[in-house]
Every structure is written in C-alpha cells, then in structure tokens.
Amino acid sequence: MTDPSSPLPPLFARWVGSIVKDAIPGESRATCATCAMCRPAGSETPDTGARADPSDPASARDSFLYFEPDAKCCTYVPDLPNFLVGRILDDDSLPPHGRTSLAARLDAGTRVTPWGVGVAVPTALLLRHGRDAFGRSTTLRCPHYVPDLGTCGIRGHTDAVCATYFCKHDRGAVGGAFWEATEALLLVVQRDVARWCVAEIGLRADALEKLLCLDERLDAPALDGRETDSRRRALWGEWYGREREFYRRAGEIAGQLDWADVLRVSGPEVALRADVVSERWRRLSSREIPDRLRPLPHEVIAASRHFVTVSTYRATDPLEISRALYDLLPAFDGRSTPEVLAATARSRGFAPPPEHVRALVDFRLLGEPEGLSPLPRSPESGTSATGR
Ligand code: SF4
Ligand code: SF4
C-alpha cells in the first residue's frame, strides 16, 4: 500500500514504507511553494531560519545563504532509471513541461540507454564543478523544472536524490541522517531495479555486451552533448527505435514490485542499506534525551542580546535559539543530564524544558561523545557533488 501523505514519490514511498512500517512525516520547514531558502518578496530580511531582530547588525544578516527563486534547489539534473522514465511517459497528470522536457532528453539521445536517461557529460561536469552555485545559477537548472510554476515537472517520479532532498529538517541532523540513508538506499535500489528490468525485458547479446561496457567517454560527441546513431543502434539492439516502449515496459515491471520483490531482485547491498535506514528511523522516532551531553562545535552566524543563530550540521538549516539557552551550553560538561538541569535551575533560576534540550541534540549543538556520524555516501551518489 502506498501512503498518499508520504513526502516520497509513490513507488519509493511504498518500498521505504515497508522498511520503517510507519507513516513518514514530511519536512514542514522545507516550504517549497514559497521556498524557505529564498528571500521573501518585498523583504530585505532573509527568512532562512533566523529571527529578524532590530539589534542584529545588517552584516550578520547578510551572511545567510539565499537561493534564487528561479532556481531554488533544482540546480541539479536527475539520472533517471529506465522504470522512472517509463512511469513519466505514462503519467498523463504531469504538467506538459514535465513530459516535453523528458522528450527533449530522449530525442537528444545523450546517455539514453536501456539503463535509463543519464546526465550528459558537459552538464555533469558543470554540476560537479559548480557546487558553490547550488541554488543560485539558472545555468545549472534542471530541465524538468517548470519556471512559470516554480515546481517540478516530473513530480511523483523523481530520482533518489530529488526524492530525499529537503533543505531543512524538522528534527535537524537526526532527520537529515534519515534522509541521507534513504537516499543512499534508493540510489542502489534504482540501479539494481533498472538492471532487473533490462534482464526481464531482454536485450540482444551484442547490445547487452555494449551496455555492460559503457564508459564515461570524453570524445567529441560526448562533449558536444550528442550521440551517434551507430552507437545508439549498438546499445539498443532490437529495441532501437522503440526506446519509449522499452521504458514503458520497465515502468510496468517495477511498478509491480513490492519491497520483498525488490530485496529478491537486488544485490545484498540493498538489504544492508535498508538496515541502516531502519536504524536511522528508530533514532528519528525517538525523543529520548541522552544521559550525558557536551557542547559540539558550531558556527555563530548572527547574535543579538536576545537571540543567537548558529550553523551546525548543514548550512541551509541554521537554528535560532534564545541567548539564555545558548549561554547554558557550557553547563553540559559530561555530568548526567538531570544533574546539569538541576544545577542550572538552582544557579540560574531556570532549566530548559526537555523539548528544548532535545532540539539542541537534534541540531548538534549538544551531543554524546560518539554522536551521529554522517553515512558514507554510495559510489552511485556522484551527483551529490552538486551540493545536494
Ligand atoms: S527543498 Fe528546495 S524548493 Fe523546497 S524549500 Fe527547500 S530549497 Fe526551497
Ligand atoms: S527533477 Fe524535479 S525536483 Fe529534481 S531537480 Fe528537476 S525539477 Fe527539481
């Protein structure tokens, strides 16, 4: 069963839902319709997490990171596995731009193979070297982005990277760790399921041999973003000229897989990564406060008499807390947390409520010695170099 309220696209929601066995909440602070990373219209004050305070110096406010409204976080191009291409082709509810943008990629033929629709070499190079322009450069903007609407044209069928990206997480680093693990899992899933689809549909032996030896060429056609007809024929074998039909079949095959099927048709890495997702979900579902805490390194990006804004686990998700709470951080010196809270209540006349302490842990202002460590990225996650 697919959970219609899941923040994930339906197929991924069904698969990941079977791992966590619960409803996955959306990220309420990643307000895409009125992008949380863009400067509010008519305002000089950024709204990226900081509270405007008249006593804040303008220079501190200006140090915040903004995205351009006509780019947002869509300065990325997805590597679409064959089954997602098929599902996009079959989805009449998408905005016209979604389907025409995919048609343009298919017609250009660059890295259009039975595995799926890959990213053209020049674009991949730009994305890899343009990390600092993430969220700002329209040159890097995804072809599936609908500028007039400010939305995704292939919504519901996005790849593992787009499906799991949120600029902000309600539970800070704990939410970020869950989505990062889910992205790493889905990258492997989409690779393995795409391979399963090719095996199920069938491809002539000579074409299969070419497909399995595909390399990242940097010859003239690859650099010019075009594909030679002879190479396309060689890669597609008996499916040459019927590529869309091939993708549609892949979409149907993948659409019938439940999570047990995915585990059966994928390599063992999927099961291992699913275990990591399960563990990250357990942490995300818990509000327990660790027994002992210490302050963690962070960057103060704005401060006033009443508030302090810090950057901790991710530049796009700063946290603003009261000056009083911030000044309590050194009190967490490794003694038991109840002991620290009792001592602060005695000495300062107030102790923060548990949910505030938990937020400090979630956003990595406080942590256990071992803490949450970032999940090593999958080798398939080459696109993460874009800054996503
Ligand atoms: S996820 Fe992207 S579109 Fe949504 S609020 Fe964040 S930056 Fe804006
Ligand atoms: S596929 Fe959609 S969500 Fe992903 S970058 Fe393109 S427009 Fe944005």
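One-based numbering, in listed order, for ligands and for the atoms of each. In this chain, residues are counted from 1 in sequence order.
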Go through ligand 2 atom by atom and flag the ones less than 4.0 Å from a non-hydrogen atom of C74. 3 (S), 5 (S), 7 (S), 8 (Fe)
Could you please spell out the steps behind the ring pair (Phe, Tyr, Trp, His ring centres under 6.0 Å) verdict for Y247 and W236? CA-CA 12 Å; Y247 288 135; W236 281 94; 5.5 Å; yes
Among D159, V277, V161, which one satisfies side chain to side chain contact (heavy atoms under 4.5 Å, CB included) with E183? V161
among protein heavy atoms, the one nearest atom 8 (Fe) of ligand 1 is C35 SG, 2.3 Å
At a 4.0 Å threshold, what atoms of ligand 2 neighbour a non-hydrogen atom of Y145? 7 (S)
Closest to atom 6 (Fe) of ligand 1 among protein heavy atoms sits C167 SG, 2.3 Å
Below 4.0 angstrom from a heavy atom of T31, which ligand 1 atoms are there? Numbered from 1 as shown, please. 5 (S)
Atoms of ligand 1 close to C32 [distance to a heavy atom under 4.0 angstrom, numbered from 1]: 1 (S), 3 (S), 4 (Fe), 5 (S)
Could you list the atoms of ligand 2 found under 4.0 angstrom from a heavy atom of H144? 7 (S)
Give the numbers and elements of all ligand 1 atoms closer than 4.0 Å to a heavy atom of A30. 5 (S)
Atom pair CD1 (I154) and SG (C162), whose distance is rounded to the nearest 0.5 Å: 6.5 Å
In terms of residue, atom name and distance, what is the protein heavy atom nearest to atom 5 (S) of ligand 1? A36 N, 3.4 Å
Ligand 2 atoms in contact with P78 (distance to a heavy atom under 4.0 Å): 1 (S)
Determine, for Y66 and R39, whether the Lys NZ or Arg CZ falls below 6.0 Å from the six-membered ring centre while staying within 45 degrees of the axis. yes
Apply the side chain to side chain contact (heavy atoms under 4.5 Å, CB included) test between L284 and each candidate in D170, D362, V174; give the one that qualifies. V174
Side-chain donor-acceptor pair present, H97, Y145, cut-off under 3.5 Å: no
When you measure from the centre of the six-membered ring of W239, is the NZ or CZ of R242 under 6.0 Å away and within 45° of the axis? yes
For ligand 1, indicate whether the residue T316 contacts it via side chain, backbone, both or neither (heavy-atom separation under 4.0 Å). neither
Closest non-hydrogen protein atom to atom 2 (Fe) of ligand 1, residue and atom name please, with distance? C73 SG, 2.3 Å
Please identify which atoms of ligand 1 are closer than 4.0 Å to at least one heavy atom of M37. 7 (S)
Quick check on contacts: which atoms of ligand 1 are under 4.0 angstrom from a heavy atom of F67? 7 (S)
If you round to the nearest 0.5 Å, how far is CD of E27 from SG of C32? 10.5 Å
Closer than 4.0 Å to some heavy atom of I154 - which atoms of ligand 2 meet that? 1 (S)
Using only heavy-atom distances, determine whether the side chains of R155 and H144 contain a donor-acceptor pair under 3.5 Å. no
Which of the numbered atoms in ligand 2 are under 4.0 angstrom from any heavy atom belonging to C152? 1 (S), 2 (Fe), 3 (S), 7 (S)
